[in-house]
Amino acid sequence: MNVDKVMVDLEKRHPGEAEYHQAVREVLESIEEVYNANPQFEAAGVIDRIIEPDRVVIFKVPWEDDQGKVHVNLGYRIQFNSVIGPYKGGLRFHPSVNLSILKFLGFEQIFKNSLTSLPLGGGKGGSDFNPKGKSNSEIMRFCQAFMLELWKLIGPSTDVPAGDIGVGTREIGFLYGMYRKLARENSGVLTGKGLNWGGSLIRPEATGFGCVYFAKEMLATIGETFKDKIVTVSGFGNVAWGAVQKVVELGGKVVTLSGPDGYVYDPDGVSGEKIDYMLELRASNDDIVKPYSYEFEDSEFVPNKHPWEVKCDIALPCATENELLEEDARNLVENGCICVCEGANMPCTPEAIELLQENKILYAPGKAANAGGVATSGLEMSQNSMKLNWQREEVDKRLHDIMTNIHAACVEHGTEPDGYVNYVNGANIAGFMKVANAMLDQGII
Ligand code: NDP
Ligand code: 2IT
């Protein structure tokens with residue numbers, strides 16, 4: 001395999017899908033050496049088969065707003081790879097959603113899900129629907145219209161969607177209700193369900209908790225902990241919320257949160273009632289994080305800037321893709337940051353990653369560090385199959401063990417001769433090998 005050649009072909013076949021190209025290139029560059037050392041992969045066309053989704057389904061979603069006006073959004077489901085288990089991955093509702101973004105997310109999900117050690121394939125879906133400013137009834141009607149198409153594609157052993165940006169327990173509820181009615185069964189397809197109807201304890205916190213468990217393992221490799229560390233976090237959604245809780249529990253101080261319009265700096269630290277307030281912010285129909293600075297006097301809102309200019313020991317990007325740029329990485333390096341651990345999917349640009357790695361900063365990609373969310377979705381599926389619910393401690397322990405094992409796999413496959421752990425290579429190689437070997441076992445399909 002020659003990475004540049006594969007990429008030229010891919011870009012020709014799918015022009016303009018920048019995020020998808022970015023995600024594929026990163027994986028190919030990491031695995032090039034092991035791939036070429038195993039000629040059986042090339043003989044079975046593994047790369048050509050793994051970089052294209054099994055299928056992409058695009059459908060229209062017509063729905064009526066509260067004034068009776070008809071709107072049409074696009075709905076998508078990308079079923080990328082199911083060699084190690086049913087397609088599994090979230091649904092994103094955000095106006096920026098397009099084919100490129102969902103293909104990058106679906107592609108990353110293959111390797112992330114492989115790393116969890118659970119039998120989960122990779123997929124992703126969503127819509128360019130914007131939940132901001134919509135009434136509860138509008139959200140419900142949209143979710144029902146979306147499921148009217150999606151239900152034909154999914155099933156507990158076929159494809160199991162979950163949440164992502166703009167899709168939380170409320171949306172999963174409306175989606176699940178419609179699925180259950182159409183499919184006439186209650187086997188739990190969709191994860192992130194409410195606790196009274198098949199959901200798992202810890203699932204809401206899992207991505208953020210898992211990210212901090214992963215960072216804890218990274219810090220331990222250099223004899224460090226979260227205790228008394230200054231932590232910058234971006235986003236103020238589900239992942240940020242879970243991460244902030246766990247950082248505080250481990251003795252760190254979170255000094256930023258962010259939205260698309262800027263960030264909040266809170267020198268006293270986000271904790272206690274301020275974490276609860278994050279839930280209110282998320283539930284409100286405002287698309288801004290600014291109200292936090294009105295609510296808590298000592299904090300300040302910094303418009304149109306990224307939180308990465310604030311001096312910190314640890315940075316946890318938990319908002320969205322390509323939100324930590326080269327200049328942000330430079331700020332982090334110059335300010336003495338020791339660890340960047342991704343709660344979001346692909347938040348650091350390739351240039352930012354290069355700079356962090358050149359400076360030997362501990363850096364973990366989302367496909368390893370945020371795998372706790374989908375792993376706990378897998379645990380929700382197990383509980384649904386067994387028709388029982390595990391206690392909080394049991395789910396949390398399994399999540400912790402999974403994150404520790406993913407960290408160990410990254411160290412095993414990513415340690416460089418000078419001892420620096422290249423977590424990008426480690427995660428990509430460990431995730432890829434399992435999927436590629438399963439593809440060999442199952443023939444050309
Ligand atoms: P949420 O919708 O709960 O929150 C997303 C947050 O990011 C919102 O606060 C959103 O604000 C903010 N945001 C969006 N764009 C920007 C931007 N350009 N700059 C700063 N903030 C921004 O989503 P999640 O917390 O679930 O998802 C966050 C990230 O984590 C995504 O990359 C997602 O793919 C990833 N992830 C999620 C998992 C999950 O289980 N939920 C699992 C693994 C990864 P606003 O709404 O105003 O746009
Ligand atoms: O990016 C992700 O891993 C998720 N949004 C969670 C997917 C899931 O199926 O729980």
Side-chain angles (χ1 to χ4, degrees), residues 19 85-97 101-102 104-106 108-113 115-116 118 120-126 130-133 159-172 189-193 200 203-211 233-244 256-264 278-279 281-290 292 304-308 316-325 342-347 365-381:
E19 293 85 0
Y87 303 107
K88 181 84 195 89
L91 297 171
R92 179 179 287 195
F93 291 170
H94 196 270
S96 64
V97 160
I101 287 181
L102 294 181
F104 117 64
L105 289 163
E108 294 255 295
Q109 200 84 45
I110 306 171
F111 308 102
K112 182 195 303 192
N113 293 2
L115 285 169
T116 65
L118 301 173
L120 303 170
K124 202 83 188 188
N130 185 0
K132 292 278 173 212
D159 184 347
V160 184
D164 193 81
I165 292 180
V167 178
T169 311
R170 175 181 59 167
E171 290 73 21
I172 293 291
V189 73
L190 293 178
T191 55
K193 298 186 290 300
S200 173
R203 177 62 188 89
E205 297 90 340
T207 312
F209 276 21
C211 176
V233 172
S234 64
F236 62 100
N238 171 259
V239 178
W241 168 74
V244 171
T256 65
L257 298 172
S258 77
D261 52 344
Y263 72 90
V264 163
M278 286 177 77
L279 286 178
L281 272 181
R282 282 174 60 213
S284 80
N285 274 334
D286 278 335
D287 62 350
I288 48 173
V289 74
K290 207 188 288 180
Y292 183 102
N304 304 319
K305 290 279 188 73
H306 293 161
W308 319 123
L316 305 177
C318 295
T320 195
E321 59 273 1
N322 293 327
E323 53 145 327
L324 196 157
L325 313 176
E342 295 185 345
N345 285 307
M346 212 168 74
K367 67 166 77 70
N370 73 33
V374 73
T376 309
S377 280
L379 301 178
E380 182 173 330
M381 289 162 71

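Both backbone and side-chain heavy atoms feed into the values below; hydrogens, waters and symmetry mates do not. First listed ligand is number 1; within each ligand, the first listed atom is number 1. This one's a predicted model, so the numbers in the text were calculated from it and none came from an experiment.
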Side-chain heavy-atom pair [X], [Y] within 4.5 angstrom cut-off:
| X | Y | value |
| --- | --- | --- |
| V189 | P161 | yes |
| Y87 | Q109 | no |
| L118 | K88 | no |
| L324 | E342 | no |
| N370 | E108 | no |
| R92 | I101 | yes |
| N345 | F104 | yes |

Options [options], ranked by nearest heavy atom to [atom], top entry:
| atom | options | result |
| --- | --- | --- |
| atom 28 (C) of ligand 1 | G242, A319, G262, G126 | A319 |
| atom 34 (O) of ligand 1 | T320, N370, V289, D164 | D164 |
| atom 9 (O) of ligand 1 | W241, F236, Y263 | F236 |

Could you check K124 against E19 for salt bridge (charged side-chain N to carboxylate O under 4.0 Å, His left out), going step by step and ending with a plain yes or no?
CA-CA 14 Å; K124 202 83 188 188; E19 293 85 0; over 6 Å; no
For C318, atoms of ligand 1 separated by under 4.0 Å from a heavy atom
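Going through ligand 1 atom by atom, the ones under 4.0 Å from C318 are 28 (C), 29 (C).
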Atoms in ligand 1 with a heavy atom of G259 nearer than 4.0 Å:
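In order of numbering, the contacting atoms are 19 (N), 20 (C), 21 (N).
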Polar proximity ligand 1 side, E321 side, N/O cut 3.5 Å exclusive:
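Such a contact does not occur with ligand 1.
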Nitrogen or oxygen atoms of V239 and ligand 1 under 3.5 Å apart:
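Between V239 and ligand 1 (N or O atoms, distance only) the closest approach is under 3.5 Å.
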Distance-minimising heavy-atom pair for [X] and [Y]:
| X | Y | result |
| --- | --- | --- |
| C211 | L316 | SG-CD2, 4.3 Å |
| N113 | V374 | OD1-CG1, 3.2 Å |
| V289 | G262 | CG1-O, 3.9 Å |
| T376 | S200 | CG2-OG, 4.4 Å |

Could you please provide the protein residues found below 4.0 Å of ligand 2 on a heavy-atom basis, arranged by chain and number?
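The 4.0 Å shell around ligand 2 contains K88, G89, G90, Q109, K112, K124, A162, G163, D164, R203, N345, G373, V374, S377.
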Work out whether the distance between some heavy atom of [X] and some atom of ligand 1 is less than 4.0 Å.
| X | value |
| --- | --- |
| R203 | yes |
| R92 | yes |
| G90 | no |
| G166 | yes |
| K132 | yes |

Taking non-hydrogen atoms only, is [X] closer than 4.0 angstrom to ligand 1 via side chain, backbone, both or neither?
| X | value |
| --- | --- |
| P347 | neither |
| T207 | side chain |
| H94 | side chain |

With rounding to the nearest 0.5 angstrom, report the CZ to OG1 distance, R203 to T191.
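One finds 5.5 Å between CZ of R203 and OG1 of T191.
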